[in-house]
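Read through the structure below, which is laid out as structure tokens, and then see the notes.
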Amino acid sequence: MSSDKIYNIYQKLYAAYGPQGWWPFINYKGVNSSKEGNSEGYHIGEYSFPRSDLECFEVCLGSILTQNTTFTSVVKSLHNLKALNALSPKAIKKLDSDTLKQAIRPSGYHNQKARYLLAFIDFYEALEGRTPTRDELLAVLGIGEETADSILLYGYNQLEFKVDAYTKRILLQLGLIDEKAKYKDVKKLMQESLYNSITDDKTLLIIYQEFHALIVNHAKRYYSKKPYAEGCFLSTEFRS
DNA sequence: AACCAGGACGTGA
DNA sequence: TCACGTCATGGT
């Protein structure tokens, strides 16, 4: 049954790569923060994040900035904002438009992402610390399904599985979904499968957070350049 | 030098 | 609904 396959995939990825320590925070310096391919920000094996409203907001910032871009580019943008002392909602709002655009330029789409950030900040401030619903997030300009789930999963510790292009690509390769599978279809498969395997919500949350990170880690190695799945240990086991 | 990156929106069928 | 063009910089 495919529920078992999904959890089995998680176990194999975890066995191969270990805990990933997402979401990365630019001000976090832990003993385990020197993760392969990344130099900072990851809190491997620690799950009490975000530790403040500012860290929650940083997840939101990063989730928007990382749209269709690598996170290393986002880190540059976040450092630019930090240099402007503008990692808070109020401080970003005070920046003049061109300064903001220049700061986030490394992550691409700086014109529309600047608008997205400002739109989100208005929304975020109106929350006054409350956890947003998924529908509320989706109503904000610039927040689609993946970004909403990213914010909820890593910024607010909500049980919302984050599906990205890599997730679809791997599941398609393994024959667990078809090409026309939509975001909600893939999310439903992941969540229902994991729910059948894990009953404890706290454990489930950690798995949601680690699983997506593990998928990205694995996909960067074997699902970035075609032909996909070359050398992928999942592909040789699950397909057939 | 083409291709892809931790996507979302606007438009017209 | 859905397919398609657009948005932009940076790395391989």
Side-chain angles (χ1 to χ4, degrees), chain A residues 10 13 17 19-26 35-44 49 58-81 97-98 100-120 123 134-155 160-173 178-187 190 208-230:
Chain A
Y10 170 75
L13 291 177
Y17 306 117
Q20 301 298 295
W22 279 32
W23 188 273
F25 297 96
I26 65 169
K35 183 169 162 291
E36 183 181 337
N38 301 281
S39 56
E40 60 175 326
Y42 295 86
H43 42 92
I44 294 169
F49 290 84
E58 187 178 325
V59 173
C60 301
L61 269 185
S63 295
I64 293 170
L65 290 177
T66 198
Q67 290 168 359
N68 203 34
T69 319
T70 59
F71 201 80
T72 54
S73 297
V74 175
V75 169
K76 292 176 188 171
S77 297
L78 292 177
H79 277 299
N80 288 342
L81 290 174
S97 179
D98 286 333
L100 174 58
K101 288 179 182 176
Q102 289 308 311
I104 64 174
R105 192 169 183 147
S107 340
Y109 311 107
H110 53 274
N111 292 310
Q112 52 178 351
K113 281 179 180 175
R115 285 190 289 120
Y116 292 174
L117 290 182
L118 294 175
F120 177 78
F123 168 76
R134 191 169 190 271
D135 285 338
E136 285 174 338
L137 284 168
L138 290 175
V140 179
L141 176 66
I143 299 188
E145 296 198 272
E146 184 182 340
T147 306
D149 287 334
S150 180
I151 288 171
L152 289 170
L153 179 59
Y154 294 107
E160 303 284 352
F161 199 93
K162 176 180 176 180
V163 175
D164 68 339
Y166 284 145
T167 310
K168 295 177 186 172
R169 196 174 295 171
I170 291 178
L171 293 178
L172 179 61
Q173 169 67 26
D178 53 30
E179 298 89 344
K180 59 176 172 38
K182 305 177 72 172
Y183 186 98
K184 64 178 179 183
D185 301 324
V186 181
K187 180 175 177 177
M190 301 304 274
Y208 278 23
Q209 294 178 337
E210 290 289 1
F211 205 165
H212 172 69
L214 286 164
I215 285 171
V216 173
N217 186 332
H218 186 69
K220 278 180 174 173
R221 301 164 189 252
Y222 304 111
Y223 292 84
S224 287
K225 51 181 185 295
K226 296 181 178 180
Y228 295 147
E230 216 170 69

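Throughout, a chain's letter reflects where its sequence line sits, starting with A, and its residues are numbered from 1. FYI, side chains are in, hydrogens and waters are out, and symmetry mates aren't considered; it's all heavy atoms of this structure.
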Please examine the side chains of A:Arg169 and A:Leu172, heavy atoms only from C-beta on, and report whether any two atoms are closer than 4.5 Å.
-> no
Name every donor-acceptor pair, under 3.5 Å, that has one atom in a side chain of residues 146-153 of chain A and the other anywhere in the protein, sequence neighbours excluded.
from: A:Thr147; atom 1: OG1; to: A:Gln67; atom 2: NE2; distance (Å): 2.9
from: A:Asp149; atom 1: OD1; to: A:Arg134; atom 2: NE; distance (Å): 2.7
from: A:Asp149; atom 1: OD1; to: A:Lys187; atom 2: NZ; distance (Å): 3.0
from: A:Asp149; atom 1: OD2; to: A:Arg134; atom 2: NH2; distance (Å): 3.0
from: A:Asp149; atom 1: OD2; to: A:Tyr183; atom 2: OH; distance (Å): 2.6
from: A:Asp149; atom 1: OD2; to: A:Lys187; atom 2: NZ; distance (Å): 3.2
from: A:Ser150; atom 1: OG; to: A:Ser63; atom 2: OG; distance (Å): 2.9
from: A:Ser150; atom 1: OG; to: A:Lys162; atom 2: NZ; distance (Å): 3.4

Give a yes/no verdict on base stacking between B:dG6 and A:Tyr166: centres under 5.5 Å, planes within less than 30° of parallel.
-> no
Please examine the side chains of A:Thr69 and A:Lys113, heavy atoms only from C-beta on, and report whether any two atoms are closer than 4.5 Å.
-> yes
From the candidates B:dG7, B:dG6, B:dC9, the one with an atom nearest any side-chain atom of A:Trp23 is B:dG6
Specify the separation, in whole Å, of atom CD1 of A:Ile104 and atom P of C:dG10.
-> 12 Å
Judged by atom type as modelled, is there a donor-acceptor pair below 3.5 Å linking the side chain of A:Asp185 to the main-chain atoms of A:Lys182?
-> yes
Strictly by modelled atom types, are A:Asn111 and A:Arg115 linked by a side-chain donor-acceptor pair under 3.5 Å?
-> no
Sub-4.0 Å heavy-atom contacts from residues 142-152 of chain A onto DNA chain B, ordered by number | A:Gly142, A:Ile143, A:Gly144, A:Glu145, A:Glu146, A:Thr147
Measure the distance from CG on A:Asn111 to C1' on B:dC9 and round it to the nearest whole Å.
-> 14 Å
Within the structure shown, what part of the strands sits under 4.0 Å from A:Val163 by heavy-atom distance: base, sugar-phosphate, or nothing?
-> nothing
When every non-hydrogen atom of A:Leu13 is compared with those of A:Leu214, the smallest separation belongs to O-CD2, 3.7 Å
Describe the nucleic acid contact of A:Lys180 in one word from base, sugar-phosphate, nothing, applying a heavy-atom distance below 4.0 Å.
-> nothing
Interatomic distance where CG belongs to A:Leu141 and C1' belongs to B:dA8 [whole Å] = 9 Å
Roughly how far apart, to the nearest Å, are B:dA5 and C:dC7 at atom C1'?
-> 14 Å
Have a look at A:Tyr109 and say if it touches a base, only the backbone sugar-phosphate, or nothing, with a 4.0 Å heavy-atom cut-off.
-> base
Rounded interatomic separation in angstrom, taking NZ from A:Lys162 and C1' from B:dG6 = 5 Å
Determine the Euclidean distance between corresponding P atoms of C:dA3 and B:dG6; express it in Å to zero decimal places.
-> 25 Å
If you find the nucleotide of DNA chain B closest to A:Val140 and the one closest to A:Thr66, which residue's nucleotide is nearer the 5' end?
-> A:Thr66
Please give, in whole Å, the distance from B:dG6 P to A:Phe161 CZ?
-> 16 Å
Are A:Phe211 and A:Tyr10 an aromatic pair by the rule of ring centers under 6.0 Å?
-> yes
Check: A:Tyr42 side chain, B:dG6 base, donor-acceptor under 3.5 Å | yes
P spacing across the pair B:dT11 / C:dA8, given as an integer number of angstrom | 16 Å
With a 4.5 Å limit on heavy-atom distance, are the side chains of A:Val216 and A:Phe71 in contact?
-> no
Could you give the NZ-to-C1' distance, from A:Lys113 to B:dG7, as a whole number of Å?
-> 8 Å
For A:Tyr223 and for A:Tyr116, locate the closest nucleotide of DNA chain B by heavy-atom distance; then report the residue assigned to the nucleotide nearer the 5' terminus.
-> A:Tyr223
CG of A:Leu138 versus C1' of B:dG7: gap in Å, rounded?
-> 13 Å
Using a heavy-atom cut-off of under 4.0 Å over every strand shown, decide if A:Lys76 touches base, sugar-phosphate, or nothing.
-> sugar-phosphate
Please state whether the phosphate of B:dA5, meaning OP1 or OP2, lies under 4.0 angstrom from any side-chain nitrogen or oxygen of A:Lys220.
-> no
Pi stacking test for A:Trp22 and B:dG6: under 5.5 Å apart, planes under 30° = yes
With heavy atoms under 4.0 Å as the rule, sort A:Arg169 into base, sugar-phosphate or nothing.
-> sugar-phosphate
Can you tell which of B:dG6, C:dG10, B:dC4 lies closest to the side chain of A:Thr70?
-> B:dG6
Roughly how far, to the nearest 0.5 Å, is OH of A:Tyr222 from OH of A:Tyr166?
-> 14.0 Å
Taking only the side-chain nitrogens and oxygens of A:Lys182, find out if one of them lies under 4.0 Å from OP1 or OP2 of C:dT1.
-> no
Between C1' of C:dC7 and NZ of A:Lys101, the distance in whole Å | 12 Å
